[in-house]
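Since this is a predicted model, take the numbers as computed values, not measurements.
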Amino acid sequence: MMKVTTGAILEHINQLLQIPGSKLLLGGEPLENHSIPQIYGAVKPTAVYVPLEEIVKDNNYDLVTKEIFGPFQIITDCKKE
């Protein structure tokens, strides 16, 4: 989605952080002193860790895979087994 407000991105981050084991790795704050129009999100580059076993759960999958146009990423890890 091309138009995601800063508030919507911050709310999305908060929802992700409700998933057990998730944590904010970096960013997650609004940009300061910018001229980006209000209709677009303006957040610092952000990374949220979500455990893989939580991502694949039906109640989390849509939230974790939601497309955010901006410097936003989900980080996870997997085990060799």
Side-chain angles (χ1 to χ4, degrees):
M1 164 181 323
M2 292 288 286
K3 292 182 184 177
V4 181
T5 65
T6 300
I9 293 172
L10 296 175
E11 177 59 29
H12 183 66
I13 293 167
N14 287 333
Q15 290 174 348
L16 289 167
L17 294 176
Q18 300 305 306
I19 296 172
S22 67
K23 58 186 168 188
L24 182 65
L25 298 178
L26 62 97
E29 299 175 4
L31 288 178
E32 298 173 355
N33 304 317
H34 65 82
S35 59
I36 300 169
Q38 293 283 337
I39 61 170
Y40 301 112
V43 297
K44 294 179 181 179
T46 299
V48 177
Y49 171 81
V50 181
L52 184 59
E53 60 271 11
E54 292 294 330
I55 291 173
V56 297
K57 291 182 179 177
D58 288 341
N59 57 329
N60 293 334
Y61 187 80
D62 287 341
L63 177 65
V64 174
T65 60
K66 179 179 179 175
E67 184 177 5
I68 299 289
F69 185 75
F72 185 92
Q73 59 186 332
I74 300 294
I75 305 292
T76 195
D77 55 1
C78 62
K79 296 184 177 37
K80 200 169 187 175
E81 302 88 49

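- Rounding to the nearest 0.5 Å places OG1 of Thr65 at 9.0 Å from CD1 of Ile74.
- When all heavy atoms are compared, the tightest approach of Gly41 to Ile36 is O-CG2, 4.5 Å.
- No side-chain heavy atom of Thr46 sits under 4.5 Å from any side-chain heavy atom of Pro71.
- Hydrophobic clustering (ILVMFWY, side-chain heavy atoms < 4.5 Å, transitive): Leu26 and Ile13 are in distinct clusters.
- The ring-ring contact (aromatic ring centres under 6.0 Å, His included) pairs that include a residue from residues 5-26 are His12-Phe72, where partners are two or more places apart or lie in different chains.
- Taken from CD1 in Ile9 to CD1 in Ile68, the straight-line distance is 5.5 Å, to the nearest 0.5 Å.
- Pairs of residues two or more places apart, or lying in two chains, that qualify as side-chain hydrogen bond (donor to acceptor under 3.5 Å, both in side chains) and include a residue from residues 18-31 are Glu29-Lys44.
- In this structure, the side chain of Thr6 engages the main chain of Ala42 through a donor-acceptor pair within 3.5 Å.
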Problem set entry | Worked check of side-chain contact (heavy atoms from CB on, under 4.5 Å) between Val50 and Thr76 | CA-CA 5 Å; Val50 181; Thr76 195; 5.6 Å; no
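- Side-chain contact between Leu17 and Val48 is present, with at least one heavy-atom pair separated by less than 4.5 Å.
- Side chains of Ile19 and Leu63 form a contact here, defined as non-hydrogen atoms less than 4.5 Å apart.
- Rounded to the nearest 0.5 Å, atoms CG (Asp77) and CD (Glu53) are 7.5 Å apart.
- Residue Tyr49 is found in a hydrophobic cluster whose other members, listed by chain and number, are Leu25, Ile75; membership requires side-chain heavy atoms under 4.5 Å apart, directly or through intermediates.
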Problem set entry | Stepwise side-chain contact (heavy atoms from CB on, under 4.5 Å) test for Asn60 and Ile55 | CA-CA 6 Å; Asn60 293 334; Ile55 291 173; 6.0 Å; no
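- To the nearest 0.5 Å, atoms NZ (Lys66) and CG (Leu16) are separated by 9.5 Å.
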